[in-house]
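To start, the structure under review is shown below, and the notes come after it.
In what follows, chains are A, B, ... by sequence order, proteins preceding strands, each numbered from 1.
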There are 2 protein chains.
Amino acid sequence: MQKSAEVDATKEAVKRIFTEYLERKTQRKTPERFAILDEIYSKKDHFDVETLYVQMKNRNYRVSRATVYNTLDLLLDCGLVIKHQFGKNIAQFERAYGYRQHDHLICNMCNKVMEFCDPRIQQIQSMMGDLLHFNITHHSLNLYGSPKIDKDGKCMNCHKEVNIKKQ
Amino acid sequence: MQKSAEVDATKEAVKRIFTEYLERKTQRKTPERFAILDEIYSKKDHFDVETLYVQMKNRNYRVSRATVYNTLDLLLDCGLVIKHQFGKNIAQFERAYGYRQHDHLICNMCNKVMEFCDPRIQQIQSMMGDLLHFNITHHSLNLYGSPKIDKDGKCMNCHKEVNIKKQ
DNA sequence: TTCACTGCAAACGCTTTGCATATGG
DNA sequence: CCATATGCAAAGCGTTTGCAGTGAA
């Protein structure tokens, strides 16, 4: 119960932030927008637009792709969602509130995304901002690597058959 | 003359590397492939597929987009070219040989790409590789930021009119 | 001669756009 | 009420694919 109470608290918090943002920008507080926000904050994983869209369909919530894209733009703008491009042409998103700052390690074999943290990145970021006279708004650090493969040719991390994909 | 001698030396070196790679993989050494390699190593800037394609057309070198894509895959595979996705759906490429390792700062306003270097990234990379049991093959660190704007509303770095683009 | 490579154009897949309809303020 | 959002479908656009013709080995 503890866990779901936490989830609820987070959902309430982001709902408040989004409401405030929409009011400030004089944008409409439509049910679709809050349904999308809620869906995103129902899980921690990275997701792409199609996955989110299908998930909402499966929950019998009728939204169009256009609205999903539109709402994601708003959520990006108010910082509740982060957008990634892990080397391919499918944008990946993840929730940005109530979760520690982190970066990503992407498996060359199975494309699985892992997270890690290193304070030095923040240092580099602020140092380079000062040096080049920029206000750094965000960053993206991705490490790409191959895990060791066991004798059956399976990834030692995800334990799946290895099928190498092009970058 | 010094400068162009350097360029020539680099071009010779990459031609040798590519030749060796193609022979090792028993791929054909077609004139198109070498023309594309040469074109890429004629300038240091980042480029996208369309730019490269048009550039070759302008030099009256007849290549198809398909061949450009195909060749870029080969050049990526043998490490002579690096691919980037600076937050948008257009893949950006740059030469990878004879140029110091660096990362990028992208201007939120004009999308201009700047380069910087920090040894701590290498440290983070190898540390995380060890920690997560991965052989890190490469990384991508992008900082995104906004420059200060002068009183005419122009970017203080590129001095162009600011037109904010969506992430 | 042979088969991988090229050029061209059509297909693809993610994203954006246009327009009629619906609805929040 | 009316300006803005939504849904749907079509258009956009970078990239991939299929196929007939070409040329490296």
Practice task
Would you indicate what D48(A) reaches in the nucleic acid, counting non-hydrogen atoms under 4.0 angstrom: base, sugar-phosphate, or nothing?
Solution key: nothing
Completion exercise
By nearest-nucleotide position on DNA chain D, the 5'-leaning member of R65(B) and V68(A) is V68(A)
Practice task
Hey, which sits more toward the 5' end of DNA chain C by its nearest nucleotide, R33(B) or Q85(A)?
Solution key: R33(B)
Handout entry: Any side-chain donor near an acceptor of the partner, E94(B) and H46(B), under 3.5 Å
Key = yes
Practice task
State, with a plain yes or no, whether a side-chain heavy atom of T137(B) is found less than 4.5 Å away from one of S146(A).
Solution key: yes
Problem - Polar side-chain atom of T67(B) near backbone of V63(B) as donor-acceptor pair, under 3.5 Å - result: no
Fill in the blank from the handout: Protein-proximity profile, nucleotides 19-25 of chain D, B/S/- by nucleotide at the 4.0 Å heavy-atom cutoff, equals ----BBS
Practice task
Check whether any side-chain nitrogen or oxygen of R62(B) sits under 4.0 Å from OP1 or OP2 of dC8(C), and answer yes or no.
Solution key: yes
Problem - Closest to side chain of T67(A), choosing from dT15(C), dG7(D), dC8(C) - result: dG7(D)
Practice task
Kindly say if N70(B) contacts the phosphate of dT6(C), meaning a side-chain N or O under 4.0 Å from OP1 or OP2.
Solution key: yes
Exercise for the section: Look at the side-chain heavy atoms of Ile, Leu, Val, Met, Phe, Trp and Tyr, link any pair under 4.5 Å apart, and say whether V14(A) and Y99(A) land in one connected group. Expected result: no
Practice task
Compare side-chain N and O positions of N89(B) against OP1 and OP2 of dT15(D) and report whether any pair is under 4.0 Å apart.
Solution key: no
Problem - Donor-acceptor contact below 3.5 Å, side chain R33(A) vs main chain R28(A) - result: yes
